[in-house]
Amino acid sequence: MERTAYNLIIIGGGPAGLSAAVAAYDAGERSILILERDTRLGGILNQCIHNGFGLHTFQEELTGPEYAQRYIDKVIERGIEYKLDTMVMSLIQTEDGLKEIMAVSEKEGLMLLSAKAVVLGMGCRERSRGALNIPGFRPAGVFSAGTAQRLVNIEGYLPGRRVVILGSGDIGLIMARRMTLEGAKVLVCAELMPYSGGLKRNIVQCLDDFGIPLKLSHTVVRIEGKERVEGVVIAEVGPDRKPIPGTE
């Protein structure tokens with residue numbers, strides 16, 4: 001297999017990867033490749049259709065896709081090479097000090113790439129229900145907030161009509177509003193900590209404005225239902241973050 005060499009390979013075509021590519025190009029680097037596993041550049045911003053982006057960088061309020069497009073345009077204007085629908089399978093350092101990447105795509109098949117430097121811009125991963133150690137079966141109807149956001153905003157599916165949200169970070173708060181606007185009934189937003197992890201404006205605009213209750217120092221202690229979610233049990237937690245018996 002022939003190995004294609006670059007000076008810089010960036011894994012991930014989201015906001016971090018795009019801005020890294022632009023910064024490297026503007027600093028004088030010309031041998032750059034962006035690898036993105038999705039069908040388009042932009043990363044998580046493509047599903048963040050709410051506004052609030054760009055205030056610091058562009059001094060104007062933009063939606064996520066609009067913000068992403070600004071950087072996509074910068075990449076295209078500079079002629080920076082990128083590959084979509086491309087999954088990185090491995091990353092190793094060779095004996096000659098180069099980084100070797102094995103990637104695959106439907107269009108180009110298996111690719112062997114090498115680089116003097118690699119930037120990892122793959123973003124974050126939401127903790128799954130298993131990582132949170134919530135007891136019960138594994139019924140259909142349990143989604144991370146990011147997955148629900150993609151289903152609604154990109155795929156066009158409504159995950160459910162009666163919703164309980166665990167966690168009050170900004171994505172959870174925004175999805176409480178989004179699900180409500182799509183016709184779902186958000187019963188409660190439960191937060192383990194004694195304070196919300198989201199912005200005050202999101203608490204007001206996403207919960208208060210729609211009458212969605214926020215229960216601080218509460219968490220889900222059990223998910224009911226075997227084939228599909230039938231209900232959840234929430235309970236108050238103490239200072240040690242453990243459920244208080246009798247508060248379910």
Side-chain angles (χ1 to χ4, degrees), residues 44-55 60-67 124 126-129 131-137 139-225 227-239 241-248:
I44 196 69
L45 290 174
N46 289 324
Q47 67 188 56
C48 298
I49 64 174
H50 52 278
N51 57 11
F53 297 92
L55 293 172
E60 60 180 302
E61 193 170 53
L62 305 170
T63 64
E66 289 172 332
Y67 185 90
C124 62
E126 293 181 295
R127 285 185 294 172
S128 66
R129 172 261 184 92
L132 298 175
N133 293 321
I134 300 175
F137 291 98
V142 181
F143 302 91
S144 70
T147 299
Q149 187 181 56
R150 181 180 179 91
L151 287 172
V152 174
N153 293 344
I154 293 183
E155 308 295 341
Y157 295 104
L158 186 63
R161 296 196 175 276
R162 288 175 61 81
V163 181
V164 170
I165 294 179
L166 175 60
S168 64
D170 288 314
I171 296 299
L173 297 173
I174 288 167
M175 282 311 296
R177 176 178 63 185
R178 190 77 179 96
M179 297 288 282
T180 301
L181 292 173
E182 289 298 323
K185 172 66 175 177
V186 179
L187 304 175
V188 67
C189 184
E191 169 58 54
L192 178 69
M193 304 299 287
Y195 51 84
S196 171
L199 296 172
K200 179 66 175 178
R201 72 176 187 186
N202 283 334
I203 296 174
V204 173
Q205 295 175 1
C206 300
L207 298 186
D208 296 349
D209 287 357
F210 294 93
I212 300 170
L214 171 63
K215 285 187 173 292
L216 300 175
S217 296
H218 280 74
T219 192
V220 172
V221 295
R222 189 169 70 253
I223 296 176
E224 298 184 337
E227 301 299 326
R228 172 163 289 279
V229 172
E230 297 174 1
V232 297
V233 178
I234 66 173
E236 187 177 354
V237 299
R241 311 285 182 266
K242 294 182 178 179
I244 300 173
T247 63
E248 296 84 354

- Beyond-backbone contact of Leu45 with Pro65, side-chain heavy atoms, under 4.5 angstrom: no

- Shortest non-hydrogen contact from Val163 to Ala184? CG2-CB, 4.2 Å

- List the steps and the verdict of side-chain contact (heavy atoms from CB on, under 4.5 Å) for Val237 and Lys242. CA-CA 5 Å; Val237 299; Lys242 294 182 178 179; 6.0 Å; no

- Have Glu126 and Ser144 got a donor and an acceptor in their side chains that come within less than 3.5 Å? yes

- Heavy atoms of other groups near Arg162 CZ, more than 12 under 6.0 Å: no

- Query: Side chains of Leu151 and Phe143: closer than 4.5 Å at any heavy-atom pair?
  - Reply: yes

- Quick one: pull up CG in Leu173 and OG in Ser168 and give me the separation to the nearest 0.5 Å. 5.5 Å

- Task: Run the numbers on Ile165 and Val186 for side-chain contact (heavy atoms from CB on, under 4.5 Å), then give the verdict.
- Result: CA-CA 8 Å; Ile165 294 179; Val186 179; 4.3 Å; yes

- CD1 (Ile154) and CD1 (Ile49) are apart, to the nearest 0.5 Å, by 9.0 Å

- Query: Do any N or O atoms from the side chain of Asp170 and from the backbone of Asn202 form a donor-acceptor pair under 3.5 angstrom?
  - Reply: no

- Query: Under a 4.0 Å N-O cut-off, is there an ion pair linking Lys215 with Glu191?
  - Reply: no

- Heavy-atom pair with the smallest gap, counting every atom of Asn51 and Glu61: ND2-OE1, 3.5 Å

- Query: Under a 4.5 Å cut-off applied to non-hydrogen side-chain atoms, are Val142 and Ile223 in contact?
  - Reply: yes

- Short question: side chain of Gln149, backbone of Thr147 - any donor-acceptor pair under 3.5 Å? no

- Please report the closest heavy-atom contact between Gly141 and Arg228, naming both atoms and the distance. CA-NH1, 4.1 Å

- Compare every heavy atom of Pro245 with every heavy atom of Pro243, then report the nearest pair and how far apart it is. O-CD, 3.4 Å

- Side chain to side chain, Gln205 and Ile174, heavy atoms closer than 4.5 Å: no

- Query: Counting only heavy atoms not in Phe210, do more than 12 fall under 6.0 Å of its CZ?
  - Reply: yes

- Could you grab the distance from atom NE2 of His50 to atom CZ of Arg178, nearest 0.5 Å is fine? 11.0 Å

- Query: How many angstroms lie between atom CG of Leu216 and atom SG of Cys189, to the nearest 0.5 angstrom?
  - Reply: 9.0 Å

- So does Glu60 have more than 12 non-hydrogen atoms from other groups sitting under 6.0 Å from CD? yes

- Spacing of Leu192 atom CG and Tyr195 atom OH [to the nearest 0.5 Å]: 9.5 Å

- Message: Could you check whether any side-chain N or O of Ser217 sits under 3.5 Å from a backbone N or O of Glu236, counting only pairs where one atom can act as donor and the other as acceptor?
- Response: no

- Would you confirm whether Gln47, through its side chain, and Gly146, through its main-chain N or O, come within 3.5 Å as a donor-acceptor pair? yes

- From CA spacing to verdict: side-chain contact (heavy atoms from CB on, under 4.5 Å), Met193, Arg241: CA-CA 8 Å; Met193 304 299 287; Arg241 311 285 182 266; 3.2 Å; yes

- Item | Polar side-chain atom of Thr180 near backbone of Ala176 as donor-acceptor pair, under 3.5 Å | yes

- Residues Glu224, Arg222: salt bridge by 4.0 Å N-O rule: yes

- Look up atom CD in Glu182 and atom CZ in Arg177, then write down how far apart they are to the nearest 0.5 Å. 12.0 Å

- Task: Side-chain contact test, heavy atoms from C-beta onward, threshold under 4.5 Å: evaluate it for Leu55 versus Leu62 and give yes or no.
- Result: no

- Query: Side-chain contact, heavy-atom cut-off 4.5 Å: Val221 with Ile234?
  - Reply: no

